[in-house]
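Owing to the predicted nature of the structure, the values given are computational and were not obtained by experimental measurement. Within every chain, numbering begins at 1; the chains are lettered A, B, ... in the order of the sequence lines, protein sequences first and strands thereafter.
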Number of protein chains: 2
Amino acid sequence: MTADRATVYDVAARAGVSTATVSFAFRRPEKVRPETRERVLAAAHELAYVPSASARGLAHGRTRALGMLVHGVLLQRPEGVLAAATGTDPILDRARVFPLYVDEVGHGVELCCHRHGYSLLVNGVAAGSSGADAFADLAGRVDALVVFRDTVPRPVLRTMAERMPIVELAAASRDPRLCHVTVDDTGGARAMTEHLLAEHRLRRLEFVGDVAVWDQRRRFAGFAAALRARDLPVPAALSHGGHARHHAARIAENLAQRLAGTRRRAPQGVVCATDEVALALIDALSHLGIDVPGDIAVTGFDGILASRVFRPALTTVRQPMERLGSLAIDLLIERLDHPRLARAAVQLPVTPVIGNSCGC
Amino acid sequence: MTADRATVYDVAARAGVSTATVSFAFRRPEKVRPETRERVLAAAHELAYVPSASARGLAHGRTRALGMLVHGVLLQRPEGVLAAATGTDPILDRARVFPLYVDEVGHGVELCCHRHGYSLLVNGVAAGSSGADAFADLAGRVDALVVFRDTVPRPVLRTMAERMPIVELAAASRDPRLCHVTVDDTGGARAMTEHLLAEHRLRRLEFVGDVAVWDQRRRFAGFAAALRARDLPVPAALSHGGHARHHAARIAENLAQRLAGTRRRAPQGVVCATDEVALALIDALSHLGIDVPGDIAVTGFDGILASRVFRPALTTVRQPMERLGSLAIDLLIERLDHPRLARAAVQLPVTPVIGNSCGC
DNA sequence: CTGAAAGCGCTAACAA
DNA sequence: TTGTTAGCGCTTTCAG
């Protein structure tokens with residue numbers, strides 16, 4: 001099996017023309033006499049000729065494919081998450097792990113590639129790897145690519161950005177070539193915090209998130225700004241080191257202890273850096289007998305579908321995820337078409353979405 | 001910009017070795033003395049060398065990429081669908097169009113490619129095109145591919161299947177090379193129909209679906225079998241020609257008229273071939289003042305997330321969509337590793353999911 | 001309008 | 001262990 005594929009040579013021989021004519025018949029129809037073209041196309045069809053993209057890419061210097069690099073761990077969702085699911089409804093169980101942020105952004109990327117007639121290559125960074133290898137592999141295959149933040153060491157990205165258009169999502173740099181697409185993390189988190197302060201008259205708020213991560217750090221900044229604007233003290237972020245769900249239990253215990261202690265010092269609300277950690281936290285709190293929003297308010301960030309599917313509906317900040325992805329591709333294609341275009345750094349607005357987890 | 005990428009020649013020159021040694025240093029480390037290898041790697045790093053996948057693919061004859069071909073119309077969801085959304089909650093509105101069947105299957109495909117260390121190429125068939133071009137383009141880029149049913153004319157698929165492993169999803173053929181992954185459409189639809197007949201004691205049921213489509217035809221067969229088993233007459237399928245939502249309104253009117261007519265002949269339940277059309281039908285009925293399940297029962301098929309997100313929760317049959325995708329990739333990789341392996345045709349089981357739309 | 005031929009960058013015999 | 005070299009299949013000048 002896997003019979004040899006027909007090549008231009010085969011087609012040329014069969015049609016009684018040269019390989020150049022075969023190539024032109026496909027790519028530059030106007031440069032070939034109609035009857036010759038017919039003959040070539042017929043021969044190609046009879047031989048089931050399929051041009052090799054490798055050969056074409058090599059000769060032409062472009063692949064007409066774009067790449068997307070994602071975290072492997074996000075691809076293969078940790079089993080712990082599913083294990084934590086209620087287990088009664090297979091469809092809802094699945095909603096916990098799909099679609100997440102990366103999936104929705106990916107959908108926008110796919111859509112936009114299709115619209116522009118580009119193929120899309122998707123690669124995942126293996127858990128525990130630096131990402132440099134997966135990145136190089138992908139970069140060798142495409143004309144331009146979009147990477148999720150923290151999949152690839154910045155220096156590697158920077159170097160590559162001199163050779164091809166690259167968009168890094170949800171991150172920023174002063175690199176003269178790297179493009180970025182972000183959302184208004186700070187404004188969104190500030191508005192959310194302000195909602196808890198103004199509408200719900202809460203005063204003792206906590207922030208849960210990993211401030212080592214660029215966008216989560218920005219969200220913390222928004223949280224802090226809202227508190228400072230009211231002369232309230234800003235607590236340190238409660239960090240969930242690795243995977244959200246894993247550490248949510250620990251944070252829930254911390255909160256539970258303080259909730260059980262002096263009334264006056266007990267936290268009244270938690271602003272979470274992501275929906276994932278917010279949902280995990282609500283679960284963990286509920287396991288400890290603490291009700292949200294009854295005993296404490298919780299808010300999220302991202303606006304993933306799961307935030308609407310589980311109860312209480314999460315009060316959160318929605319990112320225009322699909323738009324993020326399609327915008328990234330637009331930037332890449334612009335730069336492919338106009339190589340001298342300057343780098344771009346676009347920030348998209350976010351939308352607060354009020355649910356019940358804040359007490360509304 | 002887009003400075004020229006470094007090549008093996010550059011690296012070889014810099015490291016003072018031949019290009020063969022550079023190649024070996026990367027692909028066959030054991031065939032190169034460690035210190036030579038070090039030197040090559042260092043040179044490669046200094047030059048930011050990234051191997052060209054095109055050149056490699058051409059020379060080696062494999063790309064280490066797999067392809068997935070989807071319907072373009074499924075990628076760029078028709079706007080009509082979003083227009084029909086309630087418009088109050090941006091997150092829920094989106095749940096109407098994402099994730100659908102294709103997205104969940106695609107997730108399984110992605111996951112499995114990543115697990116096996118393959119890149120994934122995604123292409124969409126432009127609306128109105130035969131798919132043959134998009135298929136050829138994709139086939140020229142990958143080692144093997146999975147296509148959704150009806151994206152590509154069967155003869156084209158058949159011819160290509162002689163050259164490379166191909167899985168066609170949700171379809172069947174007697175082709176000696178083409179692989180297929182399907183689900184138990186007939187059994188699932190039969191069980192669903194039986195549920196309406198036995199639990200709800202309904203007798204006058206309708207089927208809505210496009211029997212021109214392979215899997216929907218099978219579902220109709222299951223519906224018919226359940227009715228026949230009870231000596232009930234089998235009505236013709238109410239077909240929604242093109243896009244589900246577009247025609248749901250027409251079908252809803254048909255049902256409404258009959259519901260308004262003689263009690264004894266009015267339909268009591270509708271078994272839909274897909275969740276999409278079921279949800280659209282419920283919407284359309286509701287616009288006409290008909291309540292589901294109060295006035296009439298409606299069931300779906302697929303188990304997309306939207307079936308759980310909207311009210312009434314749809315009684316439906318869930319396909320193991322992610323598994324479908326990953327199984328397809330497993331079959332491809334098996335056949336890439338063992339070219340003489342026979343074609344495979346695997347049918348996966350389905351799970352009834354009881355919601356409220358049937359009256360439960 | 002068509003043909004000849006020189007690469008594109010890498011791999012893998014085969015030689016050394 | 002390393003170097004030489006002949007392709008892989010296509011595009012694209014340059015001649016005719």
Side-chain angles (χ1 to χ4, degrees), chain A residues 2-41 43-44 47-65 136-137 139-143 163-164, chain B residues 2-41 43-44 47-65 136-137 139-143 163-164:
Chain A
T2 310
D4 281 347
R5 284 132 113 140
T7 71
V8 263
Y9 298 106
D10 303 322
V11 177
R14 178 146 194 151
V17 299
S18 76
T19 61
T21 305
V22 174
S23 183
F24 282 146
F26 280 100
R27 315 289 162 208
R28 303 252 191 296
E30 73 283 1
K31 305 199 72 171
V32 174
R33 206 192 319 152
E35 53 213 80
T36 312
R37 182 171 140 80
E38 280 314 314
R39 203 144 35 88
V40 171
L41 260 33
L47 295 172
Y49 167 66
V50 171
S52 150
S54 294
R56 175 142 25 143
L58 182 56
H60 186 251
R62 306 235 123 161
T63 63
R64 243 193 128 67
D137 179 75
R141 296 171 179 271
V142 300
D143 295 337
R163 258 102 175 161
M164 56 166 61
Chain B
T2 309
D4 282 346
R5 281 130 115 141
T7 72
V8 261
Y9 298 106
D10 303 325
V11 176
R14 177 144 195 155
V17 299
S18 77
T19 61
T21 304
V22 174
S23 184
F24 280 145
F26 280 99
R27 315 289 163 209
R28 301 253 190 296
E30 73 281 3
K31 305 200 72 173
V32 172
R33 205 193 318 154
E35 54 212 79
T36 312
R37 183 170 139 79
E38 280 313 315
R39 204 143 36 89
V40 171
L41 261 33
L47 295 171
Y49 168 66
V50 171
S52 150
S54 294
R56 172 139 30 138
L58 181 56
H60 186 251
R62 308 234 123 165
T63 63
R64 246 196 123 66
D137 180 75
R141 296 170 179 272
V142 300
D143 295 336
R163 260 103 175 162
M164 56 166 61

Report yes or no: does [X] contribute a side-chain atom to a donor-acceptor pair with the main-chain N or O of [Y] at less than 3.5 Å?
X: A/Arg39; Y: A/Ala15; answer: yes
X: A/Arg37; Y: A/Ala25; answer: yes
X: A/Asp143; Y: A/Arg62; answer: no
X: B/Thr63; Y: B/Arg141; answer: yes

Any B/Thr19 side-chain N or O less than 4.0 Å from OP1/OP2 of C/dC10 |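 So the side chain of B/Thr19 is outside the cut-off, no N or O lying under 4.0 Å from OP1 or OP2 of C/dC10.
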
Sugar-phosphate only, base, or nothing, as touched by B/Arg28 at under 4.0 Å among non-hydrogen atoms =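 Sugar-phosphate, no base atom in range.
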
So what does A/Val22 touch, heavy atoms closer than 4.0 Å: a base, only the sugar-phosphate, or nothing?
->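 Nothing: the residue A/Val22, judged by heavy atoms under 4.0 Å, touches no strand.
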
Does A/Phe26 or B/Val32 map to a spot on DNA chain D nearer the 5' end, using the closest nucleotide for each?
->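 Mapping each residue to its closest nucleotide by heavy atoms, the 5'-most match is B/Val32.
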
Checking only heavy atoms, does the side chain of B/Tyr9 share a donor-acceptor pair with the base of C/dC8 at less than 3.5 Å?
->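 Absent.
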
Roughly how bent is the helix from C/dC1-D/dG16 to C/dA16-D/dT1 end to end, in steps of 10 degrees, with each end axis from five pairs?
->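 Axis angle across the helix from C/dC1-D/dG16 to C/dA16-D/dT1, nearest 10°: 30°.
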
Check every atom of C/dC8, C/dG3, C/dT11 against the side chain of B/His60 and return the nucleotide holding the closest atom.
->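 Taking heavy atoms from C-beta onward, the closest nucleotide is C/dT11.
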
Which residues within residues 47-56 of chain A lie with some heavy atom under 4.0 Å of an atom in DNA chain C?
->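 None - not one residue of the stretch has a heavy atom sitting under 4.0 Å from the strand.
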
Rounded distance (Å) that lies between atom P of C/dA12 and atom CZ of B/Arg27 =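 Checked: the CZ to P distance equals 9 Å.
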
First contact, last contact: which nucleotides of DNA chain D are these for chain A, 5' to 3', heavy-atom distance under 4.0 Å?
->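 Under 4.0 Å from chain A, the extent on DNA chain D is D/dG9 to D/dT13.
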
